[in-house]
Amino acid sequence: MKYTALPKELYIENRKKFIANLKPGSIAIFNSNDEMPFSGDQTYRFRQNSDLLWLSGIDQELSTLIIFPDAPLPQYREILFLRKTNEKIAVWEGHKYTVEEARAQSGIQTILWNEEFQQVMTILMNHCKCVYLNLNENDRCSWYVPYRDLRFAEEWKKKYPAHEYERCGPIMAQLRSVKSKIEIEAMRIACDITRKTFERVLRFTRPGVMEYEIEAEIIHEFIRNRATGHAYNPIIASGKNACVLHYNDNNQECKDGEVILLDFGAEYANYAADLTRSIPVSGKFTKRQREVYDAVLRVKRAASKMLVPGNYIEKYHAEVGKLMEEELLKLKLISPDDIKNQNPEWPAYKKYFMHGTSHFLGLDVHDIGNRYEPMRAGMVFTCEPGIYIPEEGLGIRIENDILITENGQIDLMADIPIEAEEIEDIMQGVSV
Ligand code: GLY
Ligand code: MN
Ligand code: MN
């Protein structure tokens, strides 16, 4: 990997937190992600399962983590099963963890090869009562493609039907949503790479550039700064394209007079940054663009302050909706009558601001966390209001990544240019 691996103390601590949530006599099993087929004999870049990584630091395919705190022998309390390398793998694919390296990375002492899996697991299954299985439980999606943890769960329940079964998902959502210092440091690096990249884009952009040329600048700056790549598909949306929320064709010319919405973030050590900025192609916003820009910025600033321990996401989203309503009235995009006649299920402001303001951020860009529980210190949320006006060919979103603390928020993107003048000055070469 390109990044510097995070210290094993993080993973030792994470496992302690996980173990504290298990029923007595339980074993928990975590599989690495599949190497996903691309086409023909090619695969997509391997992306480690975020839960397995969070508990072990092991960033390698075909790995399995076993946690069995009440195991009959101490060497069975934590086990990593890994792919045993050989000369052929070394020549064709390169280096894989040795036993010593896997120990040093994870803090787990028992490192076994996959060939021993069934033999060891037969013993462990005979001495545990309950099995915690890990599935990709995510409120935002349901995959129709089977994955390694799911195939394993199906196979395991058939093989061992008389055991009690539990889900790792709710525990992982609780734990992963609160970030430790080491994780925040990794996220700061991801944000800093994203900052450098945005500044590069500001200096590069001018009328006539293609959206994909900007995309090329972004990946160049990411990789040279040791990001693994994009944390999600980048959106480079000029003019009316910005009103397509998940636009990523990135194939149009950026024209004088338009605004470009840029939503991109670096992935560093598997942690995501998630930035959105909206910039004028010419280097100068028009009066109308500026009005809309400043409205979004005001909402973003006020919304960020509501990310406090004890607040609830649903309530927060409703409050941000009210702020947005005021701004849209001032911009004359909606009228008092629209509000009077609105459907409470889909208030008038949703015509121009139809998505949520915040999501959890961490190892995944839309990270796991329980959105119906109160916000807690240590959680990181994005804050990303936007106004999309297709009839004006204009979409503006501003997005920063915010860490909640007991004493207010820390904006992990505080040093990324955000004021309209700042952006204009850099684009016009007034400041660098
Ligand atoms: N870039 C994905 C998001 O902002 O949620
Ligand atoms: Mn986001
Ligand atoms: Mn984003």
Side-chain angles (χ1 to χ4, degrees), residues 47 50 138-141 176-177 179 184 187-188 190-198 201-202 211 214-215 218-219 221-222 227-238 241-250 259-268 270-279 293 296-297 299-301 303-304 306-307 313-314 316-317 320-321 324 350 352-369 371 375 379-388 395-404 409-414 416-418 423:
R47 177 55 159 70
S50 295
N138 189 316
D139 284 356
R140 302 176 68 112
C141 72
R176 271 179 50 197
S177 57
K179 273 69 185 175
I184 298 295
M187 293 182 79
R188 279 188 187 283
C191 290
D192 198 50
I193 297 171
T194 307
R195 174 191 60 76
K196 284 186 195 160
T197 306
F198 176 58
V201 167
L202 284 178
E211 292 167 349
I214 296 178
E215 184 177 338
I218 292 172
I219 195 67
E221 195 65 22
F222 276 2
T228 316
H230 293 283
Y232 53 90
N233 286 332
I235 298 171
I236 319 293
S238 58
N241 300 333
C243 299
V244 179
L245 295 180
H246 292 162
Y247 176 82
N248 45 46
D249 289 346
N250 302 350
V259 167
I260 319 167
L261 184 154
L262 306 154
D263 184 344
F264 62 89
E267 179 184 90
Y268 179 81
N270 286 36
Y271 285 86
D274 186 3
L275 174 79
T276 305
R277 289 290 183 270
S278 304
I279 66 171
Y293 189 93
V296 175
L297 187 53
V299 175
K300 186 255 162 209
R301 291 222 159 103
S304 301
M306 295 183 219
L307 292 168
I313 297 187
E314 298 278 302
Y316 160 81
H317 276 149
V320 178
M324 191 53 99
K350 294 247 184 203
Y352 294 101
F353 176 44
M354 60 298 279
H355 58 77
T357 309
S358 294
H359 55 81
F360 291 100
L361 182 76
L363 281 170
D364 293 317
V365 65
H366 296 155
D367 210 30
I368 50 169
R371 62 165 109 177
M375 298 176 185
M379 289 181 168
V380 178
F381 285 98
T382 63
C383 183
E384 49 179 306
I387 295 178
Y388 311 92
I396 290 183
R397 178 164 67 249
I398 300 174
E399 176 176 26
N400 276 16
D401 302 341
I402 312 286
L403 166 65
I404 299 184
Q409 308 77 22
I410 296 177
D411 186 339
L412 300 177
M413 294 183 153
I416 303 186
I418 195 165
I423 287 172

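For clarity, every value in this text was computed on a predicted model and none was experimentally measured. In what follows, residues are counted from 1 in the order of the sequence shown. Numbering of ligands and ligand atoms starts at 1, following listing order.
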**Q.** Candidates Lys300, Arg188, Arg195 - the one meeting salt bridge (charged side-chain N to carboxylate O under 4.0 Å, His left out) with Asp411
**A.** Lys300
(Q) When you measure from the side chain of Asp401 to the backbone of Asp274, do you find a donor-acceptor pair of N or O atoms at a distance under 3.5 Å? (A) yes
Q: Check whether any N, O or S atom of His359, backbone or side chain, sits closer than 2.8 Å to the Mn ion (ligand 2).
A: yes
**Q.** Structural part of Ile235 in contact with ligand 1, heavy atom criterion under 4.0 angstrom
**A.** neither
(Q) Looking at ligand 1, would Val365 count as a contact under a 4.0 Å heavy-atom criterion? (A) no
Q) Does the side-chain contact (heavy atoms from CB on, under 4.5 Å) test come out yes or no for Thr357 and Met324, once each step is laid out? A) CA-CA 11 Å; Thr357 309; Met324 191 53 99; over 6 Å; no
Q: Look at the rings of Phe264 and Phe198 and say which category their plane angle falls in: under 30° parallel, 30 to 60° tilted, over 60° perpendicular.
A: tilted
Q) Among all protein non-hydrogen atoms, which one is nearest to atom 3 (C) of ligand 1, and what is the separation to 0.1 Å? A) Asp274 OD2, 3.3 Å
Q) Within the distance-only criterion (no hydrogens, no angle test), does the side chain of Ser50 pair as donor or acceptor with the backbone N or O of Asp364 below 3.5 angstrom? A) no
Q: For Tyr316 and Ser358, run side-chain hydrogen bond (donor to acceptor under 3.5 Å, both in side chains): C-alpha distance rounded to whole Å, both residues' side-chain angles, the deciding distance at 0.1 Å, then the answer.
A: CA-CA 9 Å; Tyr316 160 81; Ser358 294; 2.7 Å; yes
Q. Ignoring water, what protein N, O or S atoms are under 2.8 Å from the Mn ion (ligand 3)?
A. Asp263 OD1, Asp263 OD2, Asp274 OD1, Glu399 OE1
Q | Check: Ser304/Gln409 side-chain N/O donor and acceptor closer than 3.5 Å | A | no
(Q) So, regarding His366 and ligand 1 (criterion: nitrogen or oxygen to nitrogen or oxygen, under 3.5 Å), is there a contact or not? (A) yes
Q.
Is the distance between the ring centroids of Tyr388 and His355 under 6.0 Å?
A. yes
Q | For Glu399, atoms of ligand 1 separated by under 4.0 Å from a heavy atom | A | 4 (O)
